[in-house]
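Notes to accompany the following structure.
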Amino acid sequence: MQGLKKVTKIKPRTNMINKIMSGRLGNQMFQYAAVRAYQIKYTPDEPLNLNFFSVYCEGGREEGFYNQLEQFNIAPHTVDKTPKLSPLQYILYAKYLAVCYLARYIHKKDNGLWRKAYDTKLAEKYQKHGLYLYSFYPFSATKARNKLFMGLYESAQYFNDIKPVIQEEFTPKHAKLDKNKDLYKIIETTNSVCVSIRRGDFLSSKFKSNHYVCTPEYFDEAIRVIKTKVENPRFVIFSDDIKWVRKNIKFPKGTVYEDGTDPVWEKLRLMYSCKHFIISNSTFSWWTQYLSRNNDKVVIAPDRWFNDNPMYEDIYEPNWTLINIDQLRRL
């Protein structure tokens with residue numbers, strides 16, 4: 001029939017949950033777990049997109065700055081798609097970034113205090129428009145088509161409601177390495193205590209003053225305390241500097257050491273397979289105890305996460321036993 005125009009169907013916009021990722025595996029796990037909990041609770045039919053561009057800018061693959069979640073059984077998702085935001089979302093996002101940079105310039109140092117005050121004031125407004133730009137709890141639902149998450153979310157409060165799901169999805173895709181058969185046997189048949197000793201960049205001039213919390217004296221005290229709580233503990237040592245640990249920290253007879261050559265997914269599984277934990281102030285160390293299936297686990301931790309940043313109290317779990325770092329330093 002003449003005079004009729006062909007009608008082109010317009011594909012409906014696809015709603016999407018976008019997460020700007022940062023950091024290495026421990027950080028990535030917190031961020032994924034938080035947005036996964038949001039997805040399950042509010043928008044189970046919306047696809048998840050994890051953007052790792054910022055991770056690549058932080059460092060190289062040899063330093064652990066890449067998509068480390070690809071080694072685990074996480075939910076279906078896309079990777080590195082550019083978030084499609086509305087004009088209003090872009091304006092609000094630009095405003096947030098401007099305030100962040102201005103506040104850091106005024107305060108000279110990012111101690112977290114200004115961020116918490118800013119979050120409390122504007123979080124509800126931004127979340128209404130689909131922008132989750134802070135480490136601020138709780139998340140709320142939004143009618144916005146696309147959501148943008150940009151925060152660390154370093155607390156179990158974001159995802160405790162789906163803990164069994166998170167434990168399952170953070171199971172490595174790969175089988176246990178045969179070379180660790182004897183180590184797994186020790187871990188599974190004794191009152192194994194995972195001791196996580198983080199050194200590496202924590203000892204660098206950039207991070208030492210703030211991050212170096214867990215000294216040899218901390219581990220000495222943690223060993224003493226856990227002996228009062230666990231019968232016949234068998235210590236299993238994990239570190240990014242096993243050679244230094246063997247030389248400088250004295251452990252009881254029968255202690256065993258991971259050899260330091262395992263890929264990160266195997267190391268994580270070895271660690272969370274232990275029954276009890278002495279952790280360091282690192283997110284990777286935190287996840288080893290959270291992924292444990294032992295309901296009666298004992299967890300020893302330092303009573304501060306950083307030396308000069310008081311804003312990380314939410315990372316602590318209520319059942320932990322804490323070692324007083326100031327008291328150790330006075331001895």
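None of the values given here were measured: they were computed from a predicted structure. We count residues from 1, following the sequence as given.
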message: Assess the residue pair Y290 and F277 against the criterion (ring pair (Phe, Tyr, Trp, His ring centres under 6.0 Å)); give the C-alpha distance rounded to whole Å, side-chain angles, the decisive distance to 0.1 Å, and a yes or no.
response: CA-CA 10 Å; Y290 190 79; F277 301 86; over 10 Å; no

- request: Would you please test K229 and V225 for side-chain contact (heavy atoms from CB on, under 4.5 Å) and show each step?
  value: CA-CA 7 Å; K229 297 176 177 294; V225 171; 3.9 Å; yes

- request: Start with the C-alpha gap between R304 and V213, add the side-chain angles, then the distance that decides, and say whether side-chain contact (heavy atoms from CB on, under 4.5 Å) holds.
  value: CA-CA 8 Å; R304 65 173 61 175; V213 173; 3.8 Å; yes

field: Trace of the ring pair (Phe, Tyr, Trp, His ring centres under 6.0 Å) decision for Y32 with F170
entry: CA-CA 10 Å; Y32 168 82; F170 284 155; 5.7 Å; yes

message: Working note: E46 + K147, criterion salt bridge (charged side-chain N to carboxylate O under 4.0 Å, His left out); need CA distance, chi angles, decisive distance, verdict.
response: CA-CA 10 Å; E46 291 187 10; K147 295 85 181 169; 2.7 Å; yes

- request: Let me see the working for Y93 and Y126 under ring pair (Phe, Tyr, Trp, His ring centres under 6.0 Å), right down to the final yes or no.
  value: CA-CA 9 Å; Y93 184 35; Y126 273 67; 9.1 Å; no

- request: Decide side-chain hydrogen bond (donor to acceptor under 3.5 Å, both in side chains) for S292 and N294; before the verdict, give the C-alpha distance in whole Å, the side-chain angles of both, and the deciding distance to 0.1 Å.
  value: CA-CA 5 Å; S292 168; N294 180 19; 5.2 Å; no

- request: Dump the intermediate steps for ring pair (Phe, Tyr, Trp, His ring centres under 6.0 Å) on F139 and Y158, then the final yes or no.
  value: CA-CA 8 Å; F139 291 147; Y158 292 101; 5.2 Å; yes

field: Verdict with supporting geometry, L148 and Y132, side-chain contact (heavy atoms from CB on, under 4.5 Å)
entry: CA-CA 6 Å; L148 179 64; Y132 299 81; over 6 Å; no

- request: I would like to know whether M16 and K84 meet side-chain contact (heavy atoms from CB on, under 4.5 Å); could you show each step before the answer?
  value: CA-CA 8 Å; M16 183 172 286; K84 294 180 179 179; over 6 Å; no

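Atom CD1 of I278 and atom CD of Q289 lie 13.0 Å apart (nearest 0.5 Å). We find the OG1-CG distance between T171 and L268 to be 9.5 Å, quoted to the nearest 0.5 Å. In this structure, the separation between CD1 on I186 and OG1 on T255 is 10.5 Å, given to the nearest 0.5 Å. Note that the CG atom of L133 and the NZ atom of K95 stand 12.0 Å from one another [nearest 0.5 Å]. Atom-to-atom distance recorded for I315:CD1 and N281:CG is 9.0 Å, nearest 0.5 angstrom. Atom CZ of R61 sits about 8.0 Å away from atom CD of Q68, to the nearest 0.5 Å.
Residues R36 and I162 form a side-chain contact, since some pair of their non-hydrogen atoms from C-beta on lies under 4.5 Å apart. Contact annotation: the side chain of K275 never approaches that of T190 to less than 4.5 Å [non-hydrogen atoms, C-beta and beyond]. Residues L69 and L50 meet the side-chain proximity criterion, which asks for heavy atoms closer than 4.5 Å. When side chains are defined from C-beta on, S273 counts as touching I187, because their heavy atoms get closer than 4.5 Å. Inter-residue side-chain proximity for P233 and K227 is flagged as met; some heavy-atom pair is nearer than 4.5 Å. Counting heavy atoms from C-beta on, the side chains of N324 and Y218 never come closer than 4.5 Å. Looking at heavy atoms from C-beta onward, V299 lies out of side-chain contact with H276 at the 4.5 angstrom threshold. Here the side chains of K176 and Y184 are in contact, with some heavy-atom distance below 4.5 Å.
Under 3.5 Å, the side chains of E154 and N27 contain a donor-acceptor pair of N or O atoms.
Side chain of D303 to main chain of L322: no donor-acceptor pair is present (N/O by atom type, distance under 3.5 Å, no hydrogens or angles). Looking only at distances, no side-chain donor or acceptor of Q71 sits under 3.5 Å from a matching main-chain atom of P172. In this structure, the side chain of S196 does not engage the main chain of S280 through any donor-acceptor pair within 3.5 Å. Judged by distance alone, the side chain of K19 and the main-chain N or O of G151 form a donor-acceptor pair under 3.5 Å. With hydrogens and angles ignored, the 3.5 Å screen pairs no side-chain donor or acceptor of E266 with any backbone N or O of H174. Judged by distance alone, with hydrogens and angles left aside, the side-chain atoms of Y66 form no donor-acceptor pair with the main-chain N or O of G59 at under 3.5 Å. Using modelled atom types, no side-chain atom of R269 and backbone atom of V264 make a donor-acceptor pair closer than 3.5 Å. A donor-acceptor contact shorter than 3.5 Å is absent between the side chain of E317 and the backbone of N319. Of the possible donor and acceptor atoms, one in the side chain of S155 sits under 3.5 Å from a partner among the backbone N and O of Q157. Looking only at distances, no side-chain donor or acceptor of S192 sits under 3.5 Å from a matching main-chain atom of C274.
Across all their heavy atoms, R24 and G64 have their closest contact at CG-O, 3.1 Å. Across all their heavy atoms, E58 and S22 have their closest contact at OE2-CA, 3.3 Å. In plain terms, the two heavy atoms of R293 and Q167 that are nearest each other are NH2-O, 3.2 Å. Nearest heavy-atom pair across K185 and T189 is O-OG1, 2.6 Å. The minimum heavy-atom distance linking D262 with L270 is given by the pair OD2-CD1, 3.6 Å. Minimum interatomic distance between F238 and C194 (heavy atoms only, all atoms of both residues): CD1-SG, 3.8 Å.
Tested against N49 for a side-chain hydrogen bond (donor to acceptor under 3.5 Å, both in side chains), the candidates T82, N146, D80, N18 yield a single pass: N18. When I197, V193, I249, V256 are each tested for a side chain to side chain contact (heavy atoms under 4.5 Å, CB included) with I237, only one passes: I197. Looking at Y153, Y38, W287 one by one, the single match for ring-ring contact (aromatic ring centres under 6.0 Å, His included) with F159 turns out to be W287.
Residue K179 qualifies as enclosed at atom NZ: its count of foreign heavy atoms under 6.0 Å is above 12. No more than 12 heavy atoms of other residues, nucleotides or ligands lie within 6.0 Å of CG in D161, so this atom counts as exposed by the packing criterion.
The cluster map of Ile, Leu, Val, Met, Phe, Trp and Tyr, joined by side-chain heavy atoms under 4.5 Å apart, puts I91 and M150 in different clusters.
Taking the charged nitrogens against the carboxylate oxygens, K250 and D220 have no contact shorter than 4.0 Å, which rules out a salt bridge.
Between W286 and F30, the ring planes lie tilted relative to each other; the angle falls in the 30° to 60° range.
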